[in-house]
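Report on one structure; see the data block that follows.
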There are 2 protein chains.
Amino acid sequence: MTGDGKSGAAGVDPEQLWLRPTAHRRGRRPSFSREAITAAAVALADAEGLEAVTMRRVAAEVGAGVMSLYSYAPDKDTLLELMVDHVSGELPVADAPSGDWRADLRTIAHLQRAHMLRHPWLPAALSTHRVPGPNTLAFLEHALAVLRPTGLDGAAKLEVFAQLTAFVAGHVAHEIAQGAASRSPDRAAAEARYLATVAADGQHPELAEALAAPGRPLSPEATFTRFLDRLLDGLAAG
Amino acid sequence: MTGDGKSGAAGVDPEQLWLRPTAHRRGRRPSFSREAITAAAVALADAEGLEAVTMRRVAAEVGAGVMSLYSYAPDKDTLLELMVDHVSGELPVADAPSGDWRADLRTIAHLQRAHMLRHPWLPAALSTHRVPGPNTLAFLEHALAVLRPTGLDGAAKLEVFAQLTAFVAGHVAHEIAQGAASRSPDRAAAEARYLATVAADGQHPELAEALAAPGRPLSPEATFTRFLDRLLDGLAAG
DNA sequence: TCTATTCTCGTACGAGGTACGAGAATAGAG
DNA sequence: CTCTATTCTCGTACCTCGTACGAGAATAGA
């Protein structure tokens, strides 16, 4: 369950997860690998959504028995954690900070957006607290370097990064929902009819007007850029 | 599980859900009510988190048989929808827009934050697309009225509201995660140890410095206000 | 070769969502 | 009042899911 709420007790021990030795010493040789299992899970999530990622499906995809997965990850929640860090490895980190932290942050945000659009399950997966794995940490390291010219203290820099990521995730989640809605015309039509009915009831004049005068539709990308720039403008002042 | 086989929520027909007649005509008199069932589910989620909300638990809480719930909501997803709109009824809408849309928006954001802290499952529940019910629409109507002085077109106003809500949800989710972490000292300590180990590996100088010089810790409320003001500053310019 | 170790995976259990359909309650028709 | 159509109640059952258990297989070192 990816459900949030007060279930903070459920969690993964980061030391056990990311710092455990990976070498093989004695005993039977492993038939699979964390990498392969994680990659299969990611492929499944990309293709069919997070809810298609079940231990049985992943095992079948890898050619393993279901319970064999538990030699590589102690539970499904951990597998999700592995998936998140796995795809974070796609984020390029090579280019050094330019010194213009606003431009660099903008670049980072656009990278994250593209990344999340490529893996639409990411916003949902990020909504619960995750301990950063090596790939995530590499990206974080880069973001902190970018923020160096701001002169913010450590906690503030971490906070800025967290907020930026949350902003991007929120936007992309919205973007995906819109896209999904327009991809099922019946649902979209039903929703439009419903809103029209509500707008016509006289109790919602502002909504009626907003729906009547929608303005020219902006591309999701344009909207994203607009809000991002506003947020960065604001950060510049703070 | 949604019948269309595609990923994502968007499985509820809004007309069937929000516009269906509520009057009782013929046949056996209902023993329960949508209200009571929804309220029980909300109470459960508030007390024990979203994952405690199962059809069996809710039914037990109400004193009904499990399958009786399905006379009031066609499936669990719909029940979640009802829960979201139910708690939206707590949001005060009475006060008219002051004409200062920035101040009004700030008030709205703070209301939403308090609301989500009161119902910590809300950010997660909002992360999937929801069709606004009557209470949500009343609040939206108010927000649109507040945004009237901006002169934005309909789509833009809706977009601003969505972004603001997403921002608040993202922040509160983070806030809750932090709070949950500090409420389980073992986890927090393990995570701190892990990050310290990573920071000491020489590969993450920026992280090491950020952790070494954290600065004075800000209250979550202060951080929220700071970022919110920045976002509003930005919106003012756009 | 023997043994300790490590991995594989069939079986099984409990929890969760919900389809089915029999029974119970009720309003209106006669 | 009786009959019937309607509407709600809910026990039973099925399927999917995560995962505990433990027996068997493979392997490295003694």
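Reminder, nothing fancy here: chain letters follow the sequence lines and each chain counts from 1.
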*Residue Y72(A), side-chain atoms from C-beta onward, closest of dC7(C), dG18(D), dC8(D)*: dC7(C)
*For residues L79(B) and Y72(B), determine if any side-chain heavy atom of one lies less than 4.5 Å from a side-chain heavy atom of the other.*
no
*asked:* Measure CZ/F32(B) against C1'/dT9(D) and give the value in whole Å, please.
replied: 8 Å
*Write down the distance between CZ (R56(A)) and P (dG10(C)), rounded to a whole number of angstrom.*
12 Å
_Using a 4.0 Å heavy-atom cut-off to protein, can you give one letter per nucleotide of nucleotides 20-30 of chain C, 5' to 3': B if the base is in contact, S if only the sugar-phosphate is, - if neither?_
B--BBBBS---
*Decide if atom CD of E35(B) counts as having more than 12 heavy atoms of other residues, nucleotides or ligands within a radius under 6.0 Å.*
no
*asked:* Looking at dA28(D), which nucleotide sits across from it as a Watson-Crick or G-U wobble partner, both distances under 3.5 angstrom, or is there none?
replied: dT3(C)
*Atom CG of D75(B) and atom P of dG17(C): how far apart are they, to the nearest Å?*
11 Å
*asked:* Once you apply a heavy-atom cut-off of 4.0 Å, does A64(B) come out as touching a base, just sugar-phosphate, or nothing?
replied: sugar-phosphate
*How about T78(B) and D75(B): does a side-chain donor come under 3.5 Å of a side-chain acceptor?*
yes
*Please state whether the phosphate of dC7(C), meaning OP1 or OP2, lies under 4.0 angstrom from any side-chain nitrogen or oxygen of Y70(A).*
no
_What's the closest nucleotide to the side chain of S71(B) if the choices are dT18(C), dA12(C), dT9(D)?_
dT9(D)
*Would you indicate whether Q16(B), at its atom CD, is surrounded by more than 12 heavy atoms from other residues, nucleotides or ligands within a distance under 6.0 Å?*
no
_Strictly below 4.0 Å: does S31(A) bring a side-chain N or O up to OP1 or OP2 of dT8(C)?_
yes
